[in-house]
Amino acid sequence: MKQHYIPRCYLKRFSDNDKCIYAYDKQHSKKYQASLMSVCVEDDMYSISNDYLEKNKVENGGKINRLSIEKDHFAKMVEPMFSQLLRTIDEIKNEWITNKEYYRLNFYEKREIALHIVTQYFRLPQLQEATIDDYLRMEKAGIDMVKHIMSIQTGNEAFNNLQIGVECEKPVLHANLTYLNDEVLMDFADAIANNYWVFWVSLAQDFYTSDFPLVVEPHVDNVRPTYMGLSQYGSELTYPLSPSIVLSVFDKHCFTNKASLDCSFIIADAKEVRRQNMLRYFYATHHVFSYKKDFSLIDFIYETEKKKHIFMAPNLKSEIVSGLGRY
């Protein structure tokens, strides 16, 4: 079953008919109208297996089903609230550019939006794979250490040769470690909300989005990637909210000059629009989307790179180290 890792309520903001979206396919170097049902989807990304449901029937009291994560959590709870927040930002933006009012979000409003930003980041398939991989490597490190200790205590080297696997219900484990973990969500959201926010505005609705819309641009090299890079020193977290708005979150410790701009809506010049759109293109794994059906920037880069596309990706793999080595 195809399930969206980027919600349709978000993708619709880059569509002129709520059914299709104009896409550039990096894998085939083609542009076309794509159905919203066919992009930013993975097979059974949130689906809970029948075996897991049966084994945990007593514990969950029969209250969860195969589609509980997709339907009960995202479709009924998260996405309606996210849609309302985006509409509110649209209204504030309109008041700024018409000089009616210059409202600035307070910390709690920023944190509410940040919770949805973090949730979206955790929903990306690359994050699911990285989270599961980190967990399994940590478990393997722990098992190997126990086997090593047992072999020393008993003098029996056979313990080290035991084959002990680790099984998990991937969608459930990923959810519990990330977007269903309130402590983790709030910790990330607090860090992001505490930084300086700038809303870039394109009056011509020129901003792209993509299948990897949240991009961190590091302005300082060789920095420890705290909060998976979303709030590291010298970072700028960027996220298109619509064809008219891109949010930049600047690390407050590095960008002290942005303090007076916190939560301002600023008209983006052509250079800023181009910079933001290049980030979306570089980090997209398959599709880039344009409300205006204009991919001239991508065409130019593609020709400049001798008909090759640029693919960039954040390093999401954690280093797992134990007394027995690296995993």
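Just the heavy atoms: all of them, side chains too, but no hydrogens, waters or symmetry mates, feed the values below.
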Around atom CZ of Phe300, are there more than 12 heavy atoms from other residues, nucleotides or ligands closer than 6.0 Å? no

Full working for side-chain hydrogen bond (donor to acceptor under 3.5 Å, both in side chains) between Asp294 and Ser296: CA-CA 6 Å; Asp294 180 6; Ser296 55; 2.8 Å; yes

Between Asp90 and Arg13, is the closest basic N to carboxylate O distance under 4.0 Å? yes

Using a strict threshold of under 4.0 Å (side-chain N to carboxylate O), is an ion pair present between Asp25 and Lys31? no

Would you check, one step at a time, whether the test side chain to side chain contact (heavy atoms under 4.5 Å, CB included) holds for Lys147 with Ile143? CA-CA 6 Å; Lys147 292 193 305 184; Ile143 290 170; 4.3 Å; yes

Shared hydrophobic cluster, Leu127 / Met312 (ILVMFWY, side-chain heavy atoms < 4.5 Å): yes

May I ask you to say whether Asp134 pairs ionically with Arg137, meaning some side-chain N is under 4.0 Å from a carboxylate O? yes

Distance from Ser290 atom OG to Asn277 atom CG, nearest 0.5 Å? 7.5 Å

Report yes or no: does Glu169 contribute a side-chain atom to a donor-acceptor pair with the main-chain N or O of Ser49 at less than 3.5 Å? yes

Heavy atoms only: give me the nearest Thr209-Pro213 pair and the separation to one decimal. OG1-CB, 3.5 Å

Evaluate the side-chain proximity of Ile132 to Leu173: yes if any heavy-atom separation is below 4.5 Å, no if none is. yes

Taking the side chain from Asn56 and the backbone from Tyr52, do they hold a donor-acceptor pair closer than 3.5 Å? yes

Would a hydrophobic clustering, with Ile, Leu, Val, Met, Phe, Trp and Tyr connected at side-chain separations under 4.5 Å, put Met278 with Leu214? yes

Quick check: closest heavy atoms across His286 and Asp211, and the distance to 0.1 Å? N-OD2, 2.7 Å

Is it true that Asp44 and Arg66 make a salt bridge, defined as a side-chain N closer than 4.0 Å to a carboxylate O? yes

Would you give the length of the straight line joining atom CG of Leu279 to atom OG of Ser248, rounded to the nearest 0.5 angstrom? 8.5 Å

Salt bridge flag under 4.0 Å for residues Glu129 and Lys170: yes

Aromatic rings Tyr46 and Tyr179: how do their planes relate, parallel, tilted or perpendicular, breaks at 30° and 60°? perpendicular

Applying salt bridge (charged side-chain N to carboxylate O under 4.0 Å, His left out) to Arg123 and not counting sequence neighbours gives Glu79

What pair of heavy atoms forms the shortest contact from Ala189 to Val118, and how long is it? N-CG2, 4.1 Å

Can you tell if the side chain of Ile113 reaches within under 4.5 Å of the side chain of Ile117, non-hydrogen atoms only? yes

Regarding Arg104 and Asp262, does a basic nitrogen lie under 4.0 Å from an acidic carboxylate oxygen? no

Which word best sums up how the rings of Tyr10 and Phe82 line up, parallel for under 30°, tilted for 30 to 60°, or perpendicular for over 60°? parallel

Run the salt-bridge test on Lys308 and Glu305 with the 4.0 Å N-O cut-off and return the result as yes or no. no

Between Ala268 and Phe207, what is the shortest heavy-atom contact and its length? CB-CZ, 4.0 Å

I want to check a possible cation-pi pair here: Lys26 against Tyr281, using under 6.0 Å from ring centre and within 45° of the ring axis as the test. yes

Membership question, hydrophobic clusters at under 4.5 Å side-chain separation (ILVMFWY): are Ile69 and Leu67 in the same one? no

Dump the intermediate steps for ring pair (Phe, Tyr, Trp, His ring centres under 6.0 Å) on Phe188 and Tyr227, then the final yes or no. CA-CA 6 Å; Phe188 273 67; Tyr227 300 99; 5.2 Å; yes

For the CG atom of Asp72 and the NZ atom of Lys63, what is their distance to the nearest 0.5 Å? 12.5 Å

Spacing of Leu261 atom CG and Lys258 atom NZ [to the nearest 0.5 Å]: 6.0 Å

Can you name the salt bridge (charged side-chain N to carboxylate O under 4.0 Å, His left out) partners of Lys93, sequence neighbours left out? none

When hydrophobic residues are tied together by side-chain contacts of less than 4.5 Å, even through go-betweens, does Ile149 share a cluster with Val146? no

Does Glu157 form a side-chain hydrogen bond (donor to acceptor under 3.5 Å, both in side chains) with Asn160? I'd like the steps, not just the answer. CA-CA 6 Å; Glu157 284 291 331; Asn160 286 322; 3.0 Å; yes

Side chain proximity check, Thr238 to Val216, heavy atoms < 4.5 angstrom: no

From the list Tyr32, Tyr291, Phe14, Phe295, ring pair (Phe, Tyr, Trp, His ring centres under 6.0 Å) partner of Tyr22 resolves to Phe295

What is the distance from atom OG1 of Thr226 to atom CE of Met228, rounded to the nearest 0.5 Å? 11.5 Å

Donor-acceptor pair, side chain of Ser264 and main chain of Ile266, under 3.5 angstrom: no

Walk me through it: do Tyr103 and Glu91 pass the test side-chain hydrogen bond (donor to acceptor under 3.5 Å, both in side chains)? CA-CA 10 Å; Tyr103 180 76; Glu91 294 171 4; over 6 Å; no

Say whether, by atom type as modelled, one donor and one acceptor occur between the side chain of Gln3 and the main chain of Glu42 under 3.5 angstrom. no

What heavy-atom pair brings His219 and Ser235 nearest, and what distance separates the two atoms? CD2-C, 4.5 Å

Between Leu297 and Ile301, is any pair of side-chain heavy atoms under 4.5 Å apart? yes

Starting at CE of Met145, measure out to NZ of Lys140 and round the result to the nearest 0.5 Å. 12.0 Å

Side-chain contact test, heavy atoms from C-beta onward, threshold under 4.5 Å: evaluate it for Pro243 versus Tyr208 and give yes or no. no

Just do the side chain to side chain contact (heavy atoms under 4.5 Å, CB included) check on Lys110 and Cys263 with the steps written out, would you? CA-CA 9 Å; Lys110 289 169 68 177; Cys263 291; 3.6 Å; yes

Transitive ILVMFWY side-chain link Leu115 to Val78, under 4.5 Å: yes

Closer than 4.0 angstrom, basic N to acidic O: yes or no for Lys307 and Glu303? yes

Tell me whether Glu70 contacts the main-chain N or O of Ala75 through its side chain, where contact means a donor paired with an acceptor under 3.5 Å. no

Given side chains that start at C-beta, do those of Val184 and Phe122 come closer than 4.5 Å, heavy atoms only? yes

Is it the case that atom CE in Met81 sees more than 12 heavy atoms from other parts of the structure closer than 6.0 Å? no

Under 4.5 Å between any side-chain heavy atoms of Met1 and Asp43, yes or no? no

Identify the heavy atoms of Asn195 and Val249 that sit nearest to each other, and give their distance. CB-CG1, 3.6 Å

Any side-chain heavy atom of Cys20 sitting closer than 4.5 Å to one from Leu36? no

Mutual orientation of the aromatic rings belonging to Phe311 and His309 [parallel < 30°, tilted 30-60°, perpendicular > 60°]: perpendicular

Apply ring-ring contact (aromatic ring centres under 6.0 Å, His included) to Trp197 and list each qualifying residue two or more places apart in sequence or on a separate chain. none

